[in-house]
Number of protein chains: 2
Amino acid sequence: MPESQSAVDEILTTIRDASRRVTVPKRAVAEALAGANGHLTADAITVEVQRHHPEISPSTVYRILEEFEELKIVVHAHLGRPAAVYHLAGTVHGHLTCHVCNTTFEIPAAHFNTLSRDLKKSFGFQLDRHHVALSGTCTNCLASSRTEV
Amino acid sequence: MPESQSAVDEILTTIRDASRRVTVPKRAVAEALAGANGHLTADAITVEVQRHHPEISPSTVYRILEEFEELKIVVHAHLGRPAAVYHLAGTVHGHLTCHVCNTTFEIPAAHFNTLSRDLKKSFGFQLDRHHVALSGTCTNCLASSRTEV
DNA sequence: TTAGATGCAAAGACTTTGCGCACTT
DNA sequence: AAGTGCGCAAAGTCTTTGCATCTAA
């Protein structure tokens with residue numbers, strides 16, 4: 001997995017550049033984020049991290065995620081459920097969550113260009129394109145609800 | 001306040017139509033929702049309700065909000081913070097939350113027409129227009145950040 | 001009358017914090 | 001060697017649940 005490896009290196013470099021320390025737990029969280037290309041709750045990250053390093057505690061994961069957010073390494077969003085989901089910044093832009101099957105899809109920021117311009121013009125509101133999280137129904141669930149009923 | 005009164009009546013009618021019982025706590029929650037024209041957390045609703053009925057417990061408020069959601073009386077959204085916010089369904093469409101001053105604005109659903117069509121066409125995703133919650137920076141905070149720095 | 005709703009208290013899910021020791025730099 | 005970061009455990013916030021009682025219909 002050469003590409004997720006480079007993503008990990010990039011994260012570690014960012015940490016060093018900010019004069020923070022590179023530690024085993026931080027490396028593990030970076031690997032978990034780079035390995036899973038989707039959205040992970042803090043709990044899911046903890047589980048993944050503990051597969052290799054059982055001694056790493058949830059509180060450490062939260063502290064690291066907080067630091068990573070400061071450094072713009074990750075962003076988080078609150079989707080349908082209370083638990084927030086985290087993912088690497090820059091790699092992802094918008095989220096579509098299906099409230100039927102609870103799956104989250106990622107879509108390119110370009111889809112928000114028109115909306116973003118409109119909100120700016122109409123309300124002076126500057127959309128944060130990293131946090132766009134929309135809920136609705138995905139294709140699959142639309143199709144099955146049609147056939148089922 | 002004749003207009004919020006009619007909103008309350010409408011809610012109570014919906015409850016009766018669904019063969020649920022109309023109770024003091026439900027009336028109080030309905031009044032809190034109709035009175036505040038904005039977005040309330042469950043906690044804020046509880047506080048408002050307890051101003052008139054101190055004996056009503058938070059768990060009851062949660063149960064009532066759950067029932068109101070089933071009956072499509074209210075919808076909730078997860079904005080920047082973990083706590084969900086609730087508001088009357090039908091009266092509101094989209095939310096813009098400023099992550100600087102933490103204010104939430106409501107905007108008409110019409111602003112999501114283009115986006116909605118695009119998501120449907122590109123991904124087969126049916127946007128739920130009641131749950132649109134976007135975060136960014138509002139005009140005021142944009143202006144002050146410009147002058148401050 | 002009687003099933004459903006409530007109040008209270010406890011538990012559960014998610015997240016933050018305090019403290020002393022370990023590890024990175 | 002110096003001091004940041006960690007593990008553990010406890011606390012904090014937000015929400016759900018169990019159970020006995022009460023009440024709307």
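Chain naming here is simple, since letters A, B, ... match the order of the sequence lines and numbering starts at 1 in each. Bear in mind that the values here come from a model prediction, so they are computed numbers and not experimental data.
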- Would you give the length of the straight line joining atom OH of A/Tyr62 to atom OG1 of A/Thr46, rounded to the nearest 0.5 angstrom?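 Rounded to the nearest 0.5 Å, the OH-OG1 separation comes out at 6.5 Å.
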Restricting to side chain to side chain contact (heavy atoms under 4.5 Å, CB included), what partner residues turn up for [X], sequence neighbours left out?
X       : value
A/His52 : A/Glu48
B/Val22 : B/Leu12, B/Ile15, B/Arg16, B/Arg27
B/Ser57 : B/Ser59, B/Thr60
B/Ala83 : B/Thr41

- Task: For A/Phe68 and D/dG5, give me the distance from atom CZ to atom P, rounded to whole Å.
- Result: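 One finds 11 Å between P of D/dG5 and CZ of A/Phe68, rounded.
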- Message: At a heavy-atom distance below 4.0 Å, which nucleotide of DNA chain C is the first touched by chain B, and which is the last?
- Response: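 With heavy atoms of chain B under 4.0 Å away, the range is C/dA3 to C/dA9.
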- Task: Output, in order, the C-alpha distance, side-chain angles, deciding distance and verdict of side-chain contact (heavy atoms from CB on, under 4.5 Å) for A/Leu119 and B/Ile107.
- Result: CA-CA 9 Å; A/Leu119 295 179; B/Ile107 65 172; 3.6 Å; yes
- Is B/Lys72 reaching over with its side chain to a backbone N or O of B/Ala89, donor-acceptor style, under 3.5 angstrom?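 Checked: no pair found.
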- Message: I'd like to know if the side chain of A/Gln50 reaches the main chain of A/Ile56, judged simply by a donor and an acceptor atom lying under 3.5 Å from each other, with no hydrogens or angles considered.
- Response: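 Flag set: sc A/Gln50 to bb A/Ile56 pair under 3.5 Å.
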- Message: Test of understanding: with salt bridge (Lys or Arg N to Asp or Glu O under 4.0 Å), list the residues that count as partners of B/Arg20, not counting sequence neighbours.
- Response: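 If we apply the salt bridge (Lys or Arg N to Asp or Glu O under 4.0 Å) test to B/Arg20, skipping adjacent residues, the hits are B/Glu67, B/Glu70.
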[X]: side chain to side chain donor-acceptor pair (under 3.5 Å) partners, not counting sequence neighbours:
X        : value
A/Glu69  : A/His76
B/Asp118 : A/His111, B/Ser122
B/Asp43  : none

- Task: Give me the residues of residues 51-65 of chain A where at least one heavy atom lies under 4.0 Å from an atom of DNA chain C, by number, or none.
- Result: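 A/Ser59, A/Tyr62, A/Arg63, in order of number.
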- Heavy-atom contacts, protein to nucleotides 20-25 of chain D, under 4.0 Å, summarised as B (base), S (sugar-phosphate only) or - (none) per nt, yield ---BBS
- To the nearest 10 degrees, what angle separates the axes at the start and end of the helix from C/dT1-D/dA25 to C/dT25-D/dA1, five pairs each?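 Taking five pairs per end, the axes differ by 40°.
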